[in-house]
Amino acid sequence: MALEIYNSYSRRKEVFEPINPPYVGMYVCGPTVSGESHLGHARPYITFDIVYRYLLHLGYKVRYVRNITDAGHFEEEGREAEDKISKKALLEKLEPMELVQKYTNLFHWAFRKFNTLDPTIEPTATGHIVEQIAMIEDLIAKGYAYEVNGSVYFDVEKYAKGYDYGKLSGRIIEDLLETTRILESQDEKRNKADFALWKAAPPKHIMRWKSPWGDGFPGWHIECSAMATKYLGSYFDIHGGGMDLMFPHHESEIAQSTICNAHPPVKYWMHNNMITINGKKMGKSYNNVITLTELFSGAHPLLVKAFSPMTIRFFILQTHYRSGLDFSNDALLASEKGLRRLFDAYEILKALPFIEGVEASDKELDNRINTQLDELPKYIEDDFNTAKVLAGLFEIVPTINSIKDKVIASDSLSSATINRMKQDFHVFIEEILGLKNEWAVESPFKEVMNLLASIRKDARSKRDFHTSDKIRDELAKVGIEMKDDKDGGVSWNLQ
RNA sequence: GGUGCUGUGGCCGAAUGGCUCAGGCACGGCUCUGCAAAAGCCGGGAUACCGGUUCGAAUCCGGUCAGCACCUCCA
């Protein structure tokens, strides 16, 4: 059994073999912090959190680099080059760095709630201007970039003569170059397919840096190449991002790094699919964005209620990362209930008493559970099929509940199997899938609730239903549910 | 227009040639129960359409229809 990753570059699954075991270098394109993160952004960072977590689980020493894009990009062709961030800053009357800080903080806040692990390095574009300039100088020196009016462009046509520009994204270079002649006239670029490495800043542009070509700011693609090279070297294991970044962003990264480092930069390219809403990709240009703060609070016309970070994480993990995923209230509602069911069973499992030396009285069931547990690693190793992992866990849930309800004898399963279930559930639910119980409660609230449960239990045994129902009904009003268990006990949980 | 992807039950979604097509949610029946909730058991019902390859296809091939993504900032 070995981890297999779907490599977007070769378009097939490949066995994962690190370049320099036990080290693994992984670069993931991070957020542009010119605005608030939305539901769509949750997908890549949760997807690659799973990748990171699983690699750690396998014992690799992973350097996980995820950038913050805090310098602006360009607007569309034909318009004056403009820094998105400075434009918004004028509107909000904030310093550019103040704005960037605000959204960076918000991003961190949201993804802590999603329980994603922090990257080991989170470099900013503005903090690596020097490295980017150095890389551009190198590209010019090697003859693959040219300067025009203080801006520098990458010469795609020249690159394409010796290398396969377009392989990653399935582009045909002739098509890219052909459209050139039509639109070229007043453009600085030699070919439309060329992309900017450095842009001269117009006088009003707030974010600007000195460079050999005058004041300006870096192009978008160069930041990732420069930072990935700096922290992961000229050839590293995994590069991830949304599939909308394949072209031109990742294609251009490959071109830049290949020339500078004399080697293609990445062994395994991974791309997650999009989250859609009513079938359309969520994005600013579509005007269908639900931000994460709106999602968590329910404050959006499209939302019937607030959805918790774990519900969204679970929702995303129920689908394979390369499949499309469509948002709907019904789907989120279903995820919310499913997640609850999984955690209820997990809590029951954790609370099962461990008795040493029990032989399984139901060998068939015992074998079946072990077989099901054996499947879990196979699922995750199959290109991170979290949907199958969750399905596999759910298949064991009825057995756990049945043991609790004494529908199945407590000695049906051997001590070893019970132990293994506890261990595997912990590893898969918490360590690998990164799910956590949002309903967990702390002392002394927990003790108070246990006391109330005990009072209800006593009242019921005396058939004092007035008291017992009063406790249950009043608690229900404040969102706490009390349930009578089969064994005569009373349990409770937060709604 | 170019390139690529997708179309699975009421909803969300696994599974790419072969035991009955996972799992979650919803729904129906039953059990348990002071009532309730939960839980357990059982159940129905899907591979867009047409044709082909094959002993056998959701899965491979061709066509039709529908939808999406990228080609411009985009997770």
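The sequence lines fix the lettering, A, B, ..., with proteins before strands; numbering per chain opens at 1. The structure presented is a predicted model; accordingly, all values stated were derived computationally and were not measured.
Rounded to the nearest Å, the gap between the P atom of B:G23 and that of B:A15 is 14 Å. On the P atoms, B:C50 is 23 Å away from B:C55, given to the nearest whole Å. Across the C1' atoms, B:C60 and B:G56 are found 13 Å apart, a figure rounded to whole Å. Only the P atoms considered, B:G67 is 33 Å distant from B:C25, to the nearest whole Å. Rounded to whole Å, the P atom of B:C11 lies 15 Å from the corresponding atom of B:C49.
For A:D485 against B:A38, no side-chain N or O and base N or O form a donor-acceptor pair under 3.5 Å. Residue-to-nucleotide contacts include a donor-acceptor pair under 3.5 Å from the side chain of A:R456 to the base of B:G34. Put simply, the side chain of A:R472 and the base of B:A37 share no donor and acceptor less than 3.5 Å apart.
With a cut-off of 3.5 Å on both pairing distances, the Watson-Crick or G-U wobble partner of B:U3 is B:A69.
Of the options A:N272, A:N385, A:D383, A:N273, a side-chain hydrogen bond (donor to acceptor under 3.5 Å, both in side chains) to A:R322 is made by A:D383 and by none of the others.
One finds no salt bridge joining A:K378 and A:E381 here, because no Lys/Arg side-chain nitrogen approaches an Asp/Glu carboxylate oxygen to under 4.0 Å. The residues A:D484 and A:R456 are annotated as salt-bridged, a charged nitrogen and a carboxylate oxygen being separated by less than 4.0 angstrom. A salt bridge between A:K477 and A:D473 is absent, with no side-chain N of the basic residue lying under 4.0 Å from a carboxylate O of the acidic one. The residues A:R53 and A:D49 are annotated as salt-bridged, a charged nitrogen and a carboxylate oxygen being separated by less than 4.0 angstrom.
Distance from the side chain of A:N401 is smallest for B:G40 among the nucleotides B:G13, B:G40, B:A69. For A:M243, the listed nucleotide lying nearest its side chain is B:A69; candidates were B:A14, B:A69, B:C70.
The nearest heavy atom of RNA chain B to A:D469 and to A:P31 marks one nucleotide each, and the one closer to the 5' end goes with A:D469. Comparing A:D244 and A:L333 by the nucleotide of RNA chain B that holds the closest heavy atom to each, the one mapping nearer the 5' end is A:L333.
Applying the 5.5 angstrom centroid cut-off and the 30 degree plane-angle cut-off, the aromatic ring of A:F394 is not stacked upon the base of B:G24.
A:M274 has its CE atom 15 Å from the P atom of B:G13, to the nearest Å. Note: CG (A:L325) to C1' (B:G13) measures 9 Å, nearest angstrom.
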